[in-house]
Amino acid sequence: MTAIHLENLTKSFGAFQALKTMDLRIEDGEFVALLGPSGCGKSTTMNMIAGMEEPTSGRIRFDDRDMSGVSMGKRGVGFVFQNYAIFTHMSVYENLAYGLRVRKLPESEIDRRVKAIAEFLQLTPLLKQPSAKLSVNILQRLAIGRSAIVEPAIFLLDEPLSNVDAAFRAVMRTELKHLQRQFKQTMVYVTHDQLEAMTMADRIAVMDHGVLQQTGSPVEVYNHPSNTFVAGFLGSPGMNLVKGTLVEVGGALVVDLGEFGRSAPLSDGLARVARARKASDVFYGFRPEQASMVAAADGLPVFFVERIGARTIVHAGRAKSSVKIVLDNDNGLEAGMTARLDVNKDAVRLFDADTGQAIREA
Ligand code: ATP
């Protein structure tokens, strides 16, 4: 097992800075997801860890070993890409055995390991099949098996599930987590899918525009986003962010929600921090599942009701500002009605409207 240290890492392609700065320590045996939208620098970071790209500045260490100038082959990393690299002229068995043959392991050990990983990834019935005829789902499972079988200390996966269908993706999320628990590798997983990151990772590193925005456990990052980008990127739907102004009313600090036509109270702790910051313009944030809505004549206009199966997303608000609230299916609201919104004070998050940074208790 190996810890990965990324220290003041940057990467430029000509004049374009793909990675502006990155400081991240990934512990031994930890599963970290690099999460962010397309083009934010996830793959660039991953390619530098793998040794496919050299950093423009900064340093990568595996434990106390500096990786500068160390080739990919000598880093001891397993890498699975979005586009599975499989030898289509070989059988499933031979594809799995390949890395072990290169390392000249005894035939009996190769056979033992191939059968074990095939069993783990449910490939046993396919071992004799030519790989050329396999479905995309199975090919990606085979690609994962082929990298995992050599038991690399570091396992890097770059969007490995983006080409597979939704049902299979759900299965693989569980299997990959099991795989990592079994082999205890240090795993770095690149994805733009917040659900994948939330369900699998021990820790999520959220990136945007070549900058690391926040790192933390899935629950920490979800519950306490450090800025409006993270708040909106995590969750489906993301956090509601309503533009507001902090005002004192009768000795209490509240948020005037402008177009929403009402003032929202704050918890004592949040009010104290907001007062100390002397912020005025804010975003009032809350998760869609941490609010309630009931029909009321003086409420917000409901303009869309989206049924998603187990629950319903109610879209409500005014011209420039709207919210999405996740409710039980029997909520009784329909488009065209008006409804009162209630947000639990403890669920409220505040962000500085100018910087987007969270205003929160230390
Ligand atoms: P995606 O999921 O779309 O791959 P990403 O977050 O992994 O997104 P990167 O592939 O790291 O993003 O790319 C970050 C930025 O760097 C992008 O704007 C990309 O166009 C640019 N980039 C990446 N590789 C090169 C290169 N070899 N030459 C020039 N620009 C590059």
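The chain is numbered in sequence order, starting from 1. Just follow the structure's listing: the first ligand is 1, and inside any ligand the first atom is 1.
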**Request:** Check the surroundings of atom NZ in K324: do more than 12 heavy atoms from other residues, nucleotides or ligands lie under 6.0 Å from it?
**Result:** no
**Prompt:** Taking the side chain as C-beta and beyond, is there a heavy-atom pair between I138 and L126 under 4.5 Å?
**Reply:** yes
**Message:** Once you measure the plane-to-plane angle for F229 and F233, does it fall in the parallel (<30°), tilted (30-60°) or perpendicular (>60°) bin?
**Reply:** parallel
**Asked** In terms of atom number and element, which parts of ligand 1 are under 4.0 angstrom from non-hydrogen atoms of G41?
**Response** 5 (P), 6 (O), 11 (O), 12 (O), 14 (C)
**Fill in**
ligand 1 atoms nearer than 4.0 angstrom to some heavy atom of A18 are 15 (C), 16 (O)
**Subset of ligand 1 atoms that lie under 4.0 Å from at least one heavy atom of C40** = 5 (P), 6 (O), 12 (O)
**Prompt:** Of the protein's non-hydrogen atoms, which lies at the shortest distance from atom 31 (C) of ligand 1, and what is that distance?
**Reply:** F13 CD1, 3.3 Å
**Item:** Enumerated ligand 1 atoms positioned under 4.0 Å from heavy atoms of P37
**Value:** 6 (O)
**Message:** Closer than 4.0 Å to some heavy atom of F16 - which atoms of ligand 1 meet that?
**Reply:** 15 (C), 16 (O), 18 (O), 21 (C)
**Prompt:** Is R318 close enough and on-axis enough to F303, meaning under 6.0 Å and within 45°, for cation-pi?
**Reply:** no
**Request:** Any atoms of ligand 1 less than 4.0 Å from a non-hydrogen atom of E159? List them with their elements.
**Result:** 2 (O)
**Request:** Provide, to 0.1 Å, the distance between atom 10 (O) of ligand 1 and the closest protein heavy atom, together with that atom's residue and name.
**Result:** S43 CB, 3.6 Å
**Message:** Within the supplied structure, the quantity of interest is the number of heavy atoms (other residues, nucleotides, ligands) at a distance under 6.0 Å from R277 CZ; does it exceed 12?
**Reply:** yes
**Message:** Counting neighbours of NE2 on H209 that are heavy atoms of other residues, nucleotides or ligands and sit closer than 6.0 Å, is the number greater than 12?
**Reply:** no
**Fill in**
Among non-hydrogen protein atoms, atom 14 (C) of ligand 1 lies closest to G39 O, 3.4 Å
**Message:** Are L241 and Y284 packed together at the side-chain level, in the sense that at least one heavy-atom pair is separated by less than 4.5 angstrom?
**Reply:** no
**Prompt:** Parallel under 30°, tilted from 30 to 60°, perpendicular over 60°: which one fits the rings of F31 and Y189?
**Reply:** tilted
**Message:** Check whether Y222 forms a cation-pi arrangement with R287 (NZ or CZ under 6.0 Å from the six-membered ring centre, at most 45° off the ring normal).
**Reply:** yes
**Item:** Nearest-contact summary for atom 3 (O) of ligand 1 - protein heavy atom, Å
**Value:** S38 OG, 2.6 Å
**Prompt:** Would a search of protein heavy atoms around atom 20 (O) of ligand 1 find one under 4.0 Å away?
**Reply:** no
**Prompt:** Can you find a protein heavy atom under 4.0 Å from atom 23 (C) of ligand 1?
**Reply:** yes
**Item:** Numbering as shown, the atoms of ligand 1 that approach T44 to under 4.0 Å (heavy-atom distance)
**Value:** 9 (P), 11 (O), 13 (O), 14 (C)
**Complete:** Looking at M46, K42, H192, the heavy atom closest to atom 2 (O) of ligand 1 belongs to K42
